[in-house]
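Letters go in sequence order (proteins before strands), and every chain restarts at 1. Side chains are part of it too, since the values below use all heavy atoms of this structure and drop only hydrogens, waters and symmetry mates. Model, not experiment: these values are computed from the prediction.
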Number of protein chains: 2
Amino acid sequence: MNLKIAIVDDNRRNRYSLAEQLRISAGIAVILQAGDGGDYLEQMKVLEPEQYPDVVLMDIEMPGMNGIDTVRNSKTLYPSVKYLMLTVFDDDDKIFEAIRAGANGYLLKDEKPMAIIECIQQLAELDAAPMSPSIARKTLALLSQATLVTSVDKPASVQLLSERELEVLKQMAIGKDYKQIAATLFLSTHTIRKHIANIYEKLHVTSKIQAVNIAQKNNWV
Amino acid sequence: MNLKIAIVDDNRRNRYSLAEQLRISAGIAVILQAGDGGDYLEQMKVLEPEQYPDVVLMDIEMPGMNGIDTVRNSKTLYPSVKYLMLTVFDDDDKIFEAIRAGANGYLLKDEKPMAIIECIQQLAELDAAPMSPSIARKTLALLSQATLVTSVDKPASVQLLSERELEVLKQMAIGKDYKQIAATLFLSTHTIRKHIANIYEKLHVTSKIQAVNIAQKNNWV
DNA sequence: GCCGGAATAACACATATGTGTTATTGTACC
DNA sequence: GGTACAATAACACATATGTGTTATTCCGGC
């Protein structure tokens, strides 16, 4: 089989011990390690498609680009790569966000190493979706509250703001600062500042909160 | 531990072999067997609460009352009983319906007996939600199409923030800066800054937008 | 090929904001 | 009478933000 695995975690110790365990317990090769999302995407850029990892173990809580944004970004670039989220918390919103972003599985970090290995193999070979049972429970709870929506929407004509500006506005709305938005969208902070300045001019406001308020009132976010 | 298990399946052979496996592999007692939902509910009626099964293995496809309707009906009567659905199909709609009905776990019938036993124990002891990986995958797919309906409610205990802090938060929410809030509330900007710092600490956030987002989500403004 | 606009990027400066610390006052509770 | 706490106020410092200005690249339309 010879699986190719990547590990993204800001804690170097975690990465190494996990990589070591994968190697000795299952002969699985960790072909790429990164300390945050930006780092990971940088390293992916120089790989040929046949070198892509089969499964990426992705920490959620990281400085710089977090695990969820990283999955969202890379799912469009590398749709065949599967992501197994690792987290210390089992926070409802995070789980939902990660799933929407395209995560293929969701494990708690204190899962036994053998269980993690098994999940990696299931994910890679069977196209299954492994979850820690406690995560699965929350997933069910979320689903039972959810209403299936036939993907409605498209308010369409928000031609006032450009696509790019809308993206920036969405990031602002969830409380990110310049640096974080820049990291998420792969732009410089200078560009983000310029976009925001343009947004303010178009909306006739002078601060983040005012802009976000207008966006929310008009259902742009 | 001594778990009490019930099995509901229209195929007598399935019931017996499953019961036998539970008994010899894990010493788990099957205290009740039924061939369909009506049968199951009849038998439950004559039991005292302390005799209720801990976990019920529930087939979905059955003549008479099917597994999903059975769970729906019995969840109101016996809320403490947990249901582990067993099915040969992994049909999307069925999964969603079963979850809404109150199923606590969802396994494919061709799961290895040891895996089923493990799931029963996890469900009973840890209050977890075991799922076959392929079911989990479909669950994720459903969730990613779903829109969370927060079912609102609970303004109630906003004792977290003081009255004064709430006033300040409201002013923040409409886009005022420190000076404007101070002027509106006849306070010094120093005081406003202190209030806001306290608000951040209580809400575990670090910026206006994040604080306002929480306030709006909780209907405080 | 040229033009205009959008997206990108950079620099500089004045303000606003986030954070740590300290202090005074009023008031409710024991 | 003491004390615990909310509200008020102030200071200092490091960052984040708002704003003005300039420049390059890419793309669609004429």
Walk me through whether A/I120 and A/L22 qualify under side chain to side chain contact (heavy atoms under 4.5 Å, CB included). CA-CA 10 Å; A/I120 292 172; A/L22 289 177; 3.7 Å; yes

Does B/T206 make a side-chain N or O approach to OP1 or OP2 of C/dG18 shorter than 4.0 Å? no

What's B/K194 touching, base or sugar-phosphate or nothing? Going by heavy atoms closer than 4.0 Å. base

Go through B/L187 and B/R164 one step at a time and tell me if the side chain to side chain contact (heavy atoms under 4.5 Å, CB included) criterion holds. CA-CA 11 Å; B/L187 297 173; B/R164 208 41 159 171; 3.7 Å; yes

Whole-Å distance between D/dG18 P and A/H190 NE2? 16 Å

If I take atom CD in residue B/E163 and atom C1' in nucleotide C/dA28, what distance separates them, rounded to the nearest angstrom? 17 Å

Worked verdict on A/Y83 versus A/V8 for side chain to side chain contact (heavy atoms under 4.5 Å, CB included): CA-CA 10 Å; A/Y83 291 89; A/V8 185; over 6 Å; no

So, are A/E20 and A/R23 salt-bridged, with charged N and O less than 4.0 Å apart? yes

For the side chain of A/D177, counting heavy atoms from C-beta on, which of C/dA7, D/dA16, C/dT17 is nearest? D/dA16

Separation of B/M172 atom CE from C/dA16 atom P, in whole Å? 16 Å

Mind calculating the distance between CG (B/L187) and P (D/dA10) to the nearest angstrom? 11 Å

What's the CD-P distance between A/E167 and C/dA6, to the nearest Å? 16 Å

Mind checking if B/S188 touches a base, just sugar-phosphate, or nothing, with heavy atoms under 4.0 Å? sugar-phosphate

Whole-Å distance separating the OH atom of A/Y178 from the P atom of D/dA16: 11 Å

Could you check B/Y178 against B/I196 for side chain to side chain contact (heavy atoms under 4.5 Å, CB included), going step by step and ending with a plain yes or no? CA-CA 9 Å; B/Y178 290 166; B/I196 291 179; 3.4 Å; yes

Write down the distance between CD1 (B/I192) and C1' (C/dG18), rounded to a whole number of angstrom. 15 Å

Base, sugar-phosphate or nothing for B/S207? Non-hydrogen atoms, less than 4.0 Å. sugar-phosphate

Rounding to a whole Å, what distance do you find between B/K179:NZ and C/dT17:P? 9 Å

Indicate whether OP1 or OP2 belonging to D/dT8 is found under 4.0 Å from a side-chain N or O atom of B/H195. yes

Out of C/dG18, C/dT17, C/dT19, minimum distance to the side chain of B/I196 belongs to C/dG18

B/K208 has a side chain; which of D/dC11, C/dG18, C/dT19 sits nearest to it? C/dG18

Side-chain N,O (B/Y200) to OP1/OP2 (C/dG18) below 4.0 Å: yes

Hey, which sits more toward the 5' end of DNA chain D by its nearest nucleotide, A/R193 or B/R164? B/R164

